[in-house]
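The structure appears below as structure tokens.
In what follows, every chain begins at residue 1, and chains take the letters A, B, ... in the order their sequences are listed. Predicted, not measured: the structure shown is a model, and the values here were computed from it.
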There are 2 protein chains.
Amino acid sequence: MSCTETLRDQGYRMTPQRRMILTTIHNSDHHISADEIYEQVHAKYPQVNISTVYRTLELLKELGLVTETDLGGGRFRYHSVEKGHHHHLVCRKCGRMFELDDSALQPLEGVLLRKYGFKADLSHLAVFGNCVECRR
Amino acid sequence: MSCTETLRDQGYRMTPQRRMILTTIHNSDHHISADEIYEQVHAKYPQVNISTVYRTLELLKELGLVTETDLGGGRFRYHSVEKGHHHHLVCRKCGRMFELDDSALQPLEGVLLRKYGFKADLSHLAVFGNCVECRR
DNA sequence: TTAAATGCAAACGCTTTGCAATTGA
DNA sequence: TCAATTGCAAAGCGTTTGCATTTAA
């Protein structure tokens with residue numbers, strides 16, 4: 001089902017603003033923040049308002065089209081659900097981010113569930129530390 | 001070395017406000033936020049200002065007496081370094097936080113190092129999800 | 001004595017909200 | 001048509017800052 005259909009199905013409308021916001025999130029190669037989305041959309045259509053971005057993100061979360069992650073830094077970051085889950089290794093020295101596949105985290109997920117009864121949501125986890133190169 | 005000595009050593013002063021803030025953090029049974037500290041201190045000494053709390057926290061971080069952690073929820077939380085490291089399971093439904101001991105994370109730490117050459121800093125990690133009770 | 005620390009008020013950055021005007025279906 | 005959506009401006013919240021006053025050493 002397309003995004004437009006998902007929206008309409010729930011009684012919402014597809015608007016140019018929503019289309020641009022969706023495209024921006026989808027084309028982003030990283031977890032993007034509200035104001036990064038705003039900057040990009042605003043560059044093309046200056047009349048678009050930041051509050052529309054926030055309201056749209058709220059809606060897209062609700063519809064399950066986008067995930068919101070708190071990666072620190074005092075702002076939320078957003079990611080297209082279609083593009084799937086992945087985790088990050090964030091180097092504190094050089095700032096680079098490395099992708100980490102699920103398999104490394106499954107043991108942890110299992111331990112938390114068995115030992116603590118806690119169903120961890122490890123989608124988009126960020127682990128901070130130092131990368132190979134910076135450790136040399 | 002006492003906190004007072006640590007302060008003086010670096011040319012800072014021990015003030016009643018700083019003493020109260022330190023005591024509050026040290027007596028807290030959880031990772032406490034700036035406004036929780038403020039509430040407690042303010043209850044005893046109403047003239048104390050929130051900006052003093054923030055400035056003191058900044059200083060205590062610098063001196064390595066207190067750690068600042070981003071556990072989500074849009075506010076930082078503080079913890080006495082003396083009381084040591086631990087991790088958290090944060091329930092997204094009820095908001096409760098559970099302590100998690102190091103042993104659950106050591107396998108992950110090992111995998112990241114061996115497989116990715118990444119030295120993870122897992123002190124004060126926060127894992128989000130749903131707790132036993134909220135999963136019923 | 002005097003630099004460090006405080007209280008106060010105002011500003012900050014990110015996010016939310018009320019409301020009148022606009023617009024998609 | 002008309003409820004959903006928007007832009008705008010203002011407010012909310014946690015945090016920071018400038019400045020005149022107070023205070024620890």
Side-chain angles (χ1 to χ4, degrees), chain A residues 2-22 24-25 31-63 65-66 68-78, chain B residues 2-22 24-25 31-63 65-78 95:
Chain A
S2 75
C3 292
T4 306
E5 285 166 338
T6 305
L7 283 167
R8 294 216 179 124
D9 248 46
Q10 314 281 332
Y12 300 109
R13 297 172 183 167
M14 178 52 84
T15 65
Q17 290 91 335
R18 286 179 181 170
R19 208 184 310 280
M20 290 189 285
I21 292 166
L22 271 163
T24 305
I25 296 170
H31 286 228
I32 194 171
S33 68
D35 66 277
E36 284 169 342
I37 296 169
Y38 173 68
E39 285 307 324
Q40 290 189 38
V41 173
H42 188 255
K44 286 183 99 174
Y45 298 85
Q47 81 285 3
V48 171
N49 195 272
I50 185 80
S51 63
T52 301
V53 174
Y54 280 108
R55 280 190 282 230
T56 300
L57 289 170
E58 185 63 35
L59 179 62
L60 298 177
K61 267 194 291 174
E62 227 174 277
L63 296 176
L65 297 173
V66 152
E68 180 186 77
T69 322
D70 186 349
L71 295 177
R75 72 187 60 188
F76 289 116
R77 298 191 161 271
Y78 301 87
Chain B
S2 76
C3 292
T4 304
E5 284 167 341
T6 306
L7 282 167
R8 294 214 180 128
D9 247 46
Q10 313 282 332
Y12 300 109
R13 297 172 184 168
M14 178 53 83
T15 65
Q17 290 92 333
R18 287 180 179 169
R19 208 184 311 279
M20 290 188 286
I21 291 166
L22 271 163
T24 305
I25 296 170
H31 285 227
I32 194 170
S33 67
D35 65 277
E36 285 169 342
I37 296 169
Y38 173 68
E39 285 308 324
Q40 290 188 38
V41 173
H42 188 255
K44 285 183 100 173
Y45 297 86
Q47 82 285 4
V48 172
N49 194 271
I50 185 81
S51 64
T52 301
V53 173
Y54 280 109
R55 280 190 282 229
T56 300
L57 290 171
E58 186 63 34
L59 179 63
L60 298 178
K61 267 194 291 174
E62 227 174 277
L63 296 177
L65 297 173
V66 152
T67 58
E68 178 187 76
T69 322
D70 186 349
L71 296 178
R75 72 188 58 189
F76 288 115
R77 297 191 162 271
Y78 301 87

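For A:Arg13 and D:dA3, a side-chain-to-base donor-acceptor distance below 3.5 Å is present, hydrogens and geometry of angles not being considered.
Phosphate proximity of D:dA24 to B:Arg18: absent, as no side-chain N or O sits under 4.0 Å from OP1 or OP2. Using a 4.0 Å cut-off, no side-chain N or O of B:Gln47 falls inside it from OP1 or OP2 of C:dC8. Not one side-chain nitrogen or oxygen of A:Tyr54 sits closer than 4.0 Å to the OP1 or OP2 atom of C:dT16. Contact annotation: A:Ser51 does not reach the phosphate of C:dT16 (side-chain N/O to OP1 or OP2, under 4.0 Å). Contact between the side-chain N/O atoms of B:Arg8 and the OP1/OP2 oxygens of D:dA25 is found at a separation under 4.0 Å. Applying the 4.0 Å criterion to OP1 and OP2 of D:dG14, one finds that B:Arg75 has a side-chain N or O inside that range.
Atom CD1 in B:Ile50 sits roughly 16 Å away from atom C1' in C:dA11 (whole-Å rounding). The interatomic distance linking B:Met14 (CE) with D:dT23 (C1') rounds to 15 Å, in whole Å. The interatomic distance linking A:Met20 (CE) with D:dT5 (P) rounds to 15 Å, in whole Å. Look at OH on B:Tyr45: it is 20 Å from P on D:dT22, rounded to the nearest Å. To the nearest angstrom, C1' of D:dA4 lies 14 Å from CG of A:Leu63. Between the CD atom of B:Gln10 and the P atom of D:dA25 there is a distance of 15 Å, given to the nearest Å. Nucleotide C:dG13 holds its C1' atom 15 Å from the CD atom of A:Glu36, rounded to whole Å. Distance CG (B:Asn49) to C1' (D:dT22): 14 Å, rounded to an integer number of Å.
Side-chain contact annotation: B:Ser51 with B:Arg55, donor-acceptor N/O pair under 3.5 Å present.
Here CD1 of B:Ile37 is found 12.5 Å from OG1 of B:Thr52. Values are rounded to the nearest 0.5 Å. Interatomic distance, OG1 of B:Thr6 versus CG of B:Leu63, reported as 7.0 Å (0.5 Å rounding).
When each of A:Gly11 and B:Gln17 is assigned the nucleotide of DNA chain D with its nearest heavy atom, A:Gly11 is the one assigned upstream, toward the 5' end. Along DNA chain D, the nucleotide closest to B:Tyr12 and the one closest to B:Arg77 are compared, and the more 5′ of them pairs with B:Arg77. Residue A:Ala34 is the one, among A:Arg55 and A:Ala34, whose nearest nucleotide of DNA chain C lies closer to the 5' end (criterion: closest heavy atom).
Taking the side chain of B:Thr15 as heavy atoms from C-beta on, and the options D:dA25, D:dG7, C:dT6, the nearest nucleotide is C:dT6.
Nucleic acid contact class of B:Glu58 (heavy atoms, under 4.0 Å, all strands): none. Among the atoms of the strands shown, none is found under 4.0 Å from any heavy atom of B:Ser33.
Contact of the A:Ile25 side chain with the A:Leu65 side chain is not registered, since no non-hydrogen atoms from C-beta on lie closer than 4.5 Å.
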> So B:Glu5 and B:Arg8, salt bridge (charged side-chain N to carboxylate O under 4.0 Å, His left out) or not? Walk me through it.
Replying inline: CA-CA 5 Å; B:Glu5 284 167 341; B:Arg8 294 214 180 128; over 6 Å; no
>> Would A:Val53 and A:Val41 count as a side chain to side chain contact (heavy atoms under 4.5 Å, CB included) here? Give the steps.
In response: CA-CA 9 Å; A:Val53 174; A:Val41 173; 5.6 Å; no
